S.K.: 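Questions regarding the structure given below will be posed in turn.
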2 protein chains.
Amino acid sequence: MATVNPPRGMRDFLPAEKARRERVLAVIRERYRAHGFDEIETPVVEEHGRLHAGIGGDNEKLSYSILRRGLDADGIRAAADDPAALSDLGLRYDLTVPLARFYATNRGQLPTVFRAIQIGPVWRAERPQKGRYRQFVQCDIDIMGDESSRAEAELIVASLDTIDALGLQGGTVRVNDRRALDWMLDSFGFTEDERPGVLITIDKLDKIGPDGVAGELRERGVTATAVDAFEAFLKRPQTREYTPYGERQIRKALPESAPDEIVAHLASLGEAVVAARPDAGAPPLVYDPFLVRGMGYYTGTIFELAHPSVSYSLGGGGRYDGMIGRFLGQQVPAVGFSIGFERIVDLVAEQEVDQAQAVVLVHDADVPVAQLLAHKSALLSAGVARVRLERRAKNMKALLERSAADGYTGFASVRSGDEPGSAEIKPLA
Amino acid sequence: MATVNPPRGMRDFLPAEKARRERVLAVIRERYRAHGFDEIETPVVEEHGRLHAGIGGDNEKLSYSILRRGLDADGIRAAADDPAALSDLGLRYDLTVPLARFYATNRGQLPTVFRAIQIGPVWRAERPQKGRYRQFVQCDIDIMGDESSRAEAELIVASLDTIDALGLQGGTVRVNDRRALDWMLDSFGFTEDERPGVLITIDKLDKIGPDGVAGELRERGVTATAVDAFEAFLKRPQTREYTPYGERQIRKALPESAPDEIVAHLASLGEAVVAARPDAGAPPLVYDPFLVRGMGYYTGTIFELAHPSVSYSLGGGGRYDGMIGRFLGQQVPAVGFSIGFERIVDLVAEQEVDQAQAVVLVHDADVPVAQLLAHKSALLSAGVARVRLERRAKNMKALLERSAADGYTGFASVRSGDEPGSAEIKPLA
C-alpha cells in the first residue's frame, strides 16, 4: 500500500488535537472580544502584486503563488521571460498585508478607532523542520486610527489577560521604540544610510554578544568612531535588566539626554498596565533598548511577549503608522500585536477536563437502528452533552479506554428491547 | 484614490457578519459533537494529482492550482507542452477528497467507526454571481467504517437536530438510493452504458418536467422502448408526494416488484428518525425516486435537505463506499452529509440578542491612558462581558447608535479623575 501523506510541511489534526486548538481559540476570541476588539475575516487569497509590494519583507520570497487560469501554450512560453505573468493571485503569508487592504476597502463602514481581531491560517514555503510548518495559524489584534499610546496599552493589557486566561500566567513584555533606536544610533554617530544594516546586526545581540556585534559592525565598514562609541556603551558595567519598569530605568538604559517625549511615552505604558491590573503589582514589562524586531514597516513602539517556561517569544508587534497609507493614499496610525498561536497551543495543558457529561452507548449488533437512535436521543434530552454509539467489541477494555482518551466520561449498555432512557450510566476510567 | 478590493468573487467579513458566522458555526459544532462526531482538520492544500484523480467531477475543472516553486525559464518553456508541470499542489475544491486522503493517512489512529466533522473553506473558480463565491465554507459530517443504515440515520438525525437548533425548524430530507435508481432504469430497459447520461437528464426533472425529460432522452438516442416505458411511468396519474414516508409509499413510488432489500433499507431510515424524535410526529422524510445528485461516486443512499422557507436545497449527501479504497487500497464503507453553511447563514435570524452585558466607555480626550485602562479593567472585573473605549464625539447620538448596532448594550461616561468602578452604566437604545 502506498504511503499517503498531507503535503510536505503541512499537518492533519486528529480529534484530540483539533479539540485542543478550538478550545484555545475560543479563549483567545472571548478575551479579545471582552477588551472591545471585533473579529473580521478576509479571503486567504490576495492579488499577487499586493503580496509582493515590499511590505512583507523576507516572507514575500516564501509565498505561494496561484497559477493564472486559462493560460495556453503560447502564454506559458511567453512567461519564460516574465514569470510574474504565470500568477495573478497568491496565498497570504501574514495577516498584516490583508488587514491593510481590508481597511482601505471597508474604511467607510468602520469606526474611527477600529480594533480588529484576525485569526486564520497563513502559508510560507519554509524548509520543513521541527515546530515550523508551511501552513500555520496566526492570531493578530490591531488598532487603527489611534495615534496615542492608549492603543499600545490596550494591546498589551488584552494580550497579557489572554495568556493569563489560558493558564500561562507570568508573561512579560519586552518593550522598545524604533524612534529610541534611531535616536540612539544617531547619537553614536551612525549615518542614516547605515541604520538598516546596523539594526540587523543589533538584532543578533542576544546570540552573539557585545563583542560579536562590534566585530560584525566593523566588518560592515560603517563609521568606525560610531562603532567604538556603541561598543563602549554596550559594555558599560551595568545589568541589562532595567527593573522595575519606569521612567528612571528607561533613562538609565539609554545614552544621556534621550528625548523626553520618547521616554515619557514608554514610561506611560507601564503606568497603564499597572492601572489595568491593580492586583498584579509591578508591571510585567521590561525595557530593552536593543529590541529591534525584523519588519521594516515599524515606526514607533515595538514589543515582544516572553514567558518563563520557554526561551522563544510567544508573540510580538509594534506600531506601523505608514503602511495603511500605501493602500489608502492617506495616512492612518496603526499598531498590532500577534500572539504565537502554534507555540501557545503546545504550552497549554495537555487535556483540560471537560466537565460536561459525555456517554458512550455500547450496543449489541442486533439492536435495531430505530431503537438505537431512540436511546441516543433519550440521553441527549436528559442533558448529556455528547453521545457516541459503539457496537459491543470483543475487547471492551480497549474500547472503553479509547473512549476515555477521546474525552468521554461515562458508558451505558443497550440490548435489544431495552426501554429508551432506562440505561444506567457508569463512569469511565 | 484607487479602488482596493478583495480578489474577484471573494469576500471580506465585517464584524457583524463575522460574529454571525461564528455564532452559527458554534451551534453546528456543538450539535454535531453532541451526536458523537469529532472535528478534524486537514491542510487547505493537497497534492495536485490527488485533486485531479477524477473524484471531484466538474469541480476539478474549477480548481485553483499552486505554481510550483523554483521553476526557471527552461522549466517554464518546457511546461508549454506539459502544463501539469507548472503545479504540484492545489487548493481543495471540496472536503471529501481531503477526508478520503486523511482517512488513508491516519487510519491506524482512528476508531473502527469514525464520525468526522469538517468545517472549512474551499475554493472554486466559479463565474462570480449573486450568492456564489470563489471561497466559501463547507460543513461536512461523515461516518466511515459502518456499512449499516445506522450511519445514514445518524447523519440525518444529527443534521435535522442542528438546523432545528439554528431556529430553522421544519426541515425535510428527500431520500433516494442509487441502487433503486439503477434497478428502475434496468427495469425500463436502459442499458448500463446509457445509465450515466440518463441520470444527467433525470436530474433535470424538476426544471423541465416529464415531457422535457422524455424529449431529451430521445435526443440522446438511448433505447427507444425504454424511453417510452419511462415516459409512461413518469406520467402516471398520481402525485409525486409519497407521504407519509414508509414502506408502502416507497413501493407505490417505484415500478412493481422493486427489490425488498432496498425498500426495507429506505423504510428503516424513517423508523429511525421517528424513534430519535419521539415528539415530532411523522418523519420529516420524503421519498423521491427521481433524486439523482450529481457526483459520480455515490453508491447507495442519497439525500437532500429542504426547508419550507427556500426553494433551493440546504445540504445533502450520500453513501460513497468505493472512494476511500482508491486512496487506501482497501474498501471502507462511508457516508456523508454536507450542510450548506453559506445558505444557512443567510437564513438565520439577522441579529440574535446577545444577552451578555457589553459597555461602551465614553471618555474625554484628556483622561490619562492609565486611568482609562483602570476603568476598563474595573468593568471587566465586575462581570461586564465586553468593554470598548470611545473618545467623546461631537455627535454622541451617532456614536451610541453605532455602538448599539455593534451589539453593545450600555454606555458609561468617564472624566479625568473619576474613580475606577464608579461610572454609572446606562442602557443603550
Side-chain angles (χ1 to χ4, degrees), chain A residues 1 4-7 10 12-15 18 33-34 36 38-43 45-47 64-67 69 73 76-77 79-80 83 86-87 89 101-102 104-106 109 111 125 135 149-150 153 157 268 271-272 275-276 327 329 369-370 372-374 377 380 385-389 402, chain B residues 1 4-7 10 12-15 18 33-34 36 38-43 45-47 64-67 69 73 76-77 79-80 86-87 89 101-102 104-106 109 111 125 135 149-150 153 157 268 271-272 275-276 327 329 369-374 377 380 385-389 402:
Chain A
M1 190 185 92
V4 182
N5 284 318
M10 300 186 183
D12 288 332
F13 296 109
L14 275 76
K18 176 67 176 170
R33 272 174 61 81
D38 288 314
E39 192 169 357
I40 61 158
E41 184 184 327
T42 68
V45 165
E46 292 282 349
E47 278 174 19
Y64 288 97
S65 297
I66 291 179
L67 189 63
R69 290 174 54 84
I76 295 171
R77 225 168 271 122
L86 288 176
S87 176
L89 299 168
R101 200 273 308 146
F102 172 94
T105 306
N106 301 294
Q109 298 173 72
Q135 172 179 332
S149 62
R150 189 184 75 159
V157 168
S268 77
E271 292 157 23
F327 290 104
V369 173
L372 274 182
L373 289 227
S377 281
L380 288 172
R386 294 196 282 150
V387 181
R388 181 194 274 175
L389 296 178
R402 211 202 44 239
Chain B
M1 191 187 90
V4 182
N5 284 319
M10 299 186 183
D12 289 332
F13 296 109
L14 275 78
K18 176 67 176 169
R33 274 174 61 79
D38 288 314
E39 192 170 357
I40 60 156
E41 185 185 327
T42 68
V45 164
E46 291 282 348
E47 279 174 20
Y64 288 97
S65 297
I66 291 178
L67 189 62
R69 292 174 52 84
I76 294 171
R77 226 167 272 124
L86 288 176
S87 177
L89 299 169
R101 201 273 308 145
F102 172 94
T105 306
N106 300 293
Q109 298 172 71
Q135 173 179 331
S149 62
R150 189 184 75 162
V157 168
S268 77
E271 292 157 22
F327 289 103
V369 173
Q371 275 186 35
L372 276 183
L373 289 227
S377 281
L380 288 172
R386 296 196 282 150
V387 182
R388 181 195 274 175
L389 297 178
R402 211 201 46 239

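A quick note: this is a predicted structure, and the numbers were derived from the prediction, not measured. Sequence lines set the chain letters: A, B, ... in the order given, protein chains first and strands last, and positions in each chain run from 1. Every heavy atom of this structure was used, including side-chain atoms; hydrogens, water molecules and symmetry mates were not.
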S.K.: Between Pro7(B) and Glu46(A), is there a side-chain heavy-atom distance shorter than 4.5 Å?
M.R.: yes
S.K.: Taking side-chain contact (heavy atoms from CB on, under 4.5 Å) as the test, write out the residues that go with Ala276(B), two or more places apart.
M.R.: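 Scan of Ala276(B) (side-chain contact (heavy atoms from CB on, under 4.5 Å), adjacent residues dropped) gives Leu373(A), Ser377(A), Val157(B).
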S.K.: Give me the atom names and distance for the closest heavy-atom approach of Phe13(A) to Phe102(B).
M.R.: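 Scanning both residues completely, I find the closest heavy atoms to be O-CE1, 3.9 Å.
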S.K.: With chain A as the partner, which of Ala125(B), Ser87(B), Ser65(B) has the greatest number of non-hydrogen pairs under 4.5 Å?
M.R.: Ser65(B)
S.K.: When rounded to the nearest 0.5 angstrom, what is the spacing between CZ in Arg69(A) and OH in Tyr64(B)?
M.R.: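 The distance works out to 6.5 Å.
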S.K.: How close do Arg101(B) and Asn5(A) get, counting heavy atoms only, and between which atoms?
M.R.: CD-O, 3.7 Å
S.K.: Under the rule for side chain to side chain donor-acceptor pair (under 3.5 Å), what residues qualify as partners of Arg77(A), not counting sequence neighbours?
M.R.: Asp74(A)
S.K.: Looking at every heavy atom in both Ala370(A) and Ala275(B), which two are closest together, and how far apart are they?
M.R.: O-CB, 3.0 Å
S.K.: Is Arg150(A) close to chain B through its backbone or its side chain, or both, or neither, when contacts mean heavy atoms under 4.5 Å?
M.R.: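 The answer is both parts of Arg150(A).
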S.K.: Determine the option with the most heavy-atom pairs under 4.5 angstrom with chain B, choosing from Pro111(A), Ala79(A), Ala80(A).
M.R.: Ala80(A)
S.K.: Taking all heavy atoms of Gln135(A) and all of Val45(B), pick out the closest pair and write down the distance.
M.R.: OE1-N, 4.5 Å
S.K.: Can you name the nearest heavy-atom pair linking Thr105(B) to Pro6(A), along with the distance?
M.R.: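 Residues Thr105(B) and Pro6(A), closest heavy atoms: CG2-CD, 4.0 Å.
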S.K.: Less than 4.5 Å apart, any side-chain heavy atom of Val369(B) and any of Ser149(A)?
M.R.: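 Yes, at least one pair of side-chain atoms sits under 4.5 Å.
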S.K.: Using a cut-off of under 4.5 Å for heavy-atom pairs, which of Leu86(B), Ile40(B), Thr42(B), Asn106(B) has the most such pairs with chain A?
M.R.: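 The residue among Leu86(B), Ile40(B), Thr42(B), Asn106(B) with the greatest pair count is Ile40(B).
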S.K.: So which atom in Asp12(A) and which in Pro43(B) form the shortest heavy-atom distance, rounded to 0.1 Å?
M.R.: OD1-CD, 3.4 Å
S.K.: Given the rule in the salt bridge (charged side-chain N to carboxylate O under 4.0 Å, His left out) test, do Asp38(B) and Lys18(A) qualify, once you have shown the distances and angles that lead to the verdict?
M.R.: CA-CA 9 Å; Asp38(B) 288 314; Lys18(A) 176 67 176 170; over 6 Å; no
S.K.: Taking side chain as everything from C-beta outward and backbone as N, CA, C, O, which of these in Ile66(A) sits under 4.5 Å from a heavy atom of chain B? Side chain, backbone, both or neither.
M.R.: both
S.K.: Quick check on Ala153(B) against chain A: is it the side chain, the backbone, both or neither that has a heavy atom closer than 4.5 Å?
M.R.: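 Contact with chain A is through both the backbone and side chain of Ala153(B).
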S.K.: CG of Leu89(B) to CE of Met10(A): how many Å apart, nearest 0.5 Å?
M.R.: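 Taking CG in Leu89(B) and CE in Met10(A), the distance rounds to 6.0 Å.
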S.K.: Contact part of Arg402(A) toward chain B, heavy-atom cut-off under 4.5 Å: side chain, backbone, both or neither?
M.R.: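 Looking at Arg402(A), just its side chain touches chain B.
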